[in-house]
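For reference, the structure discussed in these notes is given below.
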Amino acid sequence: MIDTQIMFATPIGMTTLSQEICDRFKPLQGQVQASASTDPVYFNVLKDSPVLKDIITDVFTQWVNNTYNYQNQKWTMLTNWITDNPDGTPMRLHRHYNCSFSAVLYFDKVKNGEGNLILENPLDHSDFFPQNTNPTIFNNTEYTCPLYERLLIFFPSKIYHMYLGYKPTITPRRSFACNFAPIGTYGSADSYINTNWLQL
C-alpha cells in the first residue's frame with residue numbers, strides 16, 4: 001500500500017450572503033467591462049459605504065484566518081469595483097498584483113454557465129500531459145467556479161483567472177470584486193513588519 005499526501009494546496013472560499021446585503025450593492029455604479037477605464041476613481045465604489053466594506057472584510061477575515069491558521073491577523077480591503085457585462089464579453093486571463101487575496105460577489109441575477117469564473121492551477125508547470133478524462137485535484141489544469149446569485153468567492157490574488165464569452169440571457173450581468181492585504185503586524189524576525197511604519 002502506498003499512502004498519498006497532499007504537499008501543497010490552494011484554497012478557495014465560498015459562501016452565500018443574505019439578500020439584504022446583496023441588495024445594498026445594486027444602486028452602486030459599475031463600469032461596462034468592454035469599455036472599462038483604468039482611472040482609480042472607479043476602483044473605490046464602497047468609499048461611501050463603510051458598512052458594506054466592513055461586512056465583506058469581516059467575512060473574508062474569518063475565512064482566511066481560519067483556513068491559514070493565522071492568529072488574529074487584521075486585513076483591509078484595497079481596490080473595489082463593480083463590473084457590468086451586458087453582452088457576454090469574455091474576461092481575459094489575468095491576476096491581481098499588490099494584494100494578497102481577491103474576491104468576487106454576484107450580488108444580482110446571474111445564470112450558471114454564463115461567465116463562470118475559471119481559476120488556473122498555479123502548480124501546473126508540467127510539459128507532459130497524458131490523456132485525462134477524469135480530472136482530480138492532482139491533475140486538473142483549471143477550476144471552474146459555480147455561479148449563482150449571492151455567491152461570494154475568495155481566492156489568492158496570484159491565481160490567474162478569466163471567464164469565457166457567452167450569449168447572455170440575463171443582462172447586464174453585474175458583479176462586485178475587491179482585493180485584500182494584511183495590516184497591523186505580521187511576519188517574524190527579519191521579515192517582520194508593522195504597517196504603521198508605512199504611514200507618511
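In what follows, residues are counted from 1 in the order of the sequence shown. All values below come from the heavy atoms of this structure, side chains included, with hydrogens, waters and symmetry mates left out.
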Measure from the side-chain N and O atoms of Asn116 to the backbone N and O of Cys145, and report whether any donor-acceptor pair falls under 3.5 Å. yes

Could you check whether any side-chain N or O of Asn80 sits under 3.5 Å from a backbone N or O of Val45, counting only pairs where one atom can act as donor and the other as acceptor? yes

Check: Gln73 side chain, Ile183 main-chain N or O, donor-acceptor pair, under 3.5 Å: yes

Would you name the heavy atoms of Val59 and Leu152 that are closest together and state the gap between them? CG1-CD2, 4.1 Å

Interatomic spacing from CG in Asp84 to OG in Ser175 - rounded to 0.5 Å: 8.0 Å

In the single-linkage hydrophobic clustering (I, L, V, M, F, W, Y; side-chain heavy atoms under 4.5 Å), do Leu78 and Val104 co-cluster? no

Between Arg95 (side chain) and His161 (backbone), is there a donor-acceptor pair under 3.5 Å? no

Only one of Trp63, Phe154, Tyr143 passes side-chain contact (heavy atoms from CB on, under 4.5 Å) with Ile12; say which it is. Tyr143

Can you list the other members of the hydrophobic cluster that holds Trp81, where links are side-chain heavy atoms under 4.5 angstrom apart? Val41, Tyr42, Phe43

Shortest non-hydrogen contact between Gln31 and Ser37, atoms and distance: OE1-N, 2.5 Å

How far does NZ of Lys109 sit from OH of Tyr148, to the nearest 0.5 angstrom? 14.5 Å

Would you kindly confirm whether Ile153 and Trp75 end up in one hydrophobic cluster when ILVMFWY residues are joined by side chain heavy atoms under 4.5 Å apart? no

side-chain hydrogen bond (donor to acceptor under 3.5 Å, both in side chains) partners for Thr89, two or more places apart: Asp87

Any chance you could lay out the side-chain contact (heavy atoms from CB on, under 4.5 Å) test for Ile170 and Val110, step after step, and finish with the verdict? CA-CA 6 Å; Ile170 296 175; Val110 290; 5.6 Å; no

Is there side-chain contact between Pro172 and Asn85, with at least one heavy-atom pair below 4.5 Å? no

Distance to the ring centre below 6.0 angstrom and angle to the axis at most 45 degrees; does that hold for Arg173 and Tyr163? yes

Any chance you could measure Gln33, atom CD, to Ile82, atom CD1, to the nearest 0.5 Å? 14.0 Å

Going by distance alone, is a donor N or O of one side chain under 3.5 Å from an acceptor N or O of the other, for Thr79 and Asn179? yes

Residues in ring pair (Phe, Tyr, Trp, His ring centres under 6.0 Å) with Tyr192, at least two apart? Trp197

Looking at OG1 of Thr67 and CD of Gln62, how far apart are the two atoms once the value is rounded to the nearest 0.5 Å? 9.5 Å

Side chains of residues 49-58: which donor-acceptor partners sit under 3.5 Å, not counting sequence neighbours?
from	atom 1	to	atom 2	distance (Å)
Thr57	OG1	Lys53	O	2.8

Taking the side chain as every heavy atom from C-beta outward, state whether Leu164 and Ile118 have any pair of such atoms under 4.5 Å apart. yes

Report yes if some heavy atom in the side chain of Met14 is under 4.5 Å from a heavy atom in the side chain of Leu151; otherwise report no. yes

Mind checking whether Leu28 and Leu105 sit in one hydrophobic cluster, side chains of I, L, V, M, F, W, Y counted as touching below 4.5 Å? yes

Around atom NZ of Lys167, are there more than 12 heavy atoms of other residues, nucleotides or ligands at under 6.0 Å? no

What one should report as the nearest heavy-atom pair of Ser157 and Cys99 is OG-SG, 3.3 Å

Would you find more than 12 non-hydrogen atoms of other residues, nucleotides or ligands less than 6.0 Å from Asn98 atom CG? no

Cys22 side chain near Asp108 side chain, heavy-atom distance below 4.5 Å: no

Which atom of Ser100 lies closest to which atom of Pro182, heavy atoms considered: OG-CD, 3.4 Å

Does Tyr106 form a side-chain contact (heavy atoms from CB on, under 4.5 Å) with Glu149? I'd like the steps, not just the answer. CA-CA 5 Å; Tyr106 302 102; Glu149 187 179 357; 5.9 Å; no

Do the non-hydrogen side-chain atoms of His94 and Met162 ever get within less than 4.5 Å of each other? no

With ring-ring contact (aromatic ring centres under 6.0 Å, His included) as the rule and sequence neighbours excluded, what pairs involving residues 10-38 come up? Phe25-Phe107, Phe25-Phe176

Of all heavy-atom pairs linking Ser102 and His96, the shortest is OG-ND1, 3.0 Å

Using a 3.5 Å distance criterion without hydrogens, assess whether the side chain of Arg150 forms a donor-acceptor pair with backbone atoms of Thr16. no

Would a hydrophobic clustering, with Ile, Leu, Val, Met, Phe, Trp and Tyr connected at side-chain separations under 4.5 Å, put Met91 with Leu119? yes

Output yes when a side-chain donor or acceptor of Thr195 lies under 3.5 Å from a complementary backbone atom of Gly184, and no otherwise. yes

Which heavy atom of Gln19 sits nearest to which heavy atom of Lys26, and what is that distance? NE2-NZ, 3.6 Å

With sequence neighbours left out, the residues meeting ring pair (Phe, Tyr, Trp, His ring centres under 6.0 Å) with Tyr70 are Tyr68

Residue Glu120 excluded, over 12 heavy atoms near CD under 6.0 Å: yes

Verify the cluster assignment for Met7 and Leu123: are they in a single hydrophobic cluster under the rule of side-chain heavy atoms below 4.5 Å apart? yes

Verify, without hydrogens or angle tests, whether Asn121 (side chain) and Glu142 (backbone) share a donor-acceptor contact under 3.5 angstrom. no

Would you sort out whether Thr83 and Arg174 count as a side-chain contact (heavy atoms from CB on, under 4.5 Å), showing the intermediate values? CA-CA 6 Å; Thr83 301; Arg174 309 194 73 210; over 6 Å; no

Point-to-point distance, once rounded to the nearest 0.5 Å, from CG of Leu117 to CD1 of Ile159: 11.0 Å

Do other residues, nucleotides or ligands put more than 12 heavy atoms under 6.0 Å from Asn112 CG? yes

Taking the six-membered ring for Trp, are Phe60 and Phe180 parallel (under 30°), tilted (30 to 60°) or perpendicular (over 60°)? parallel

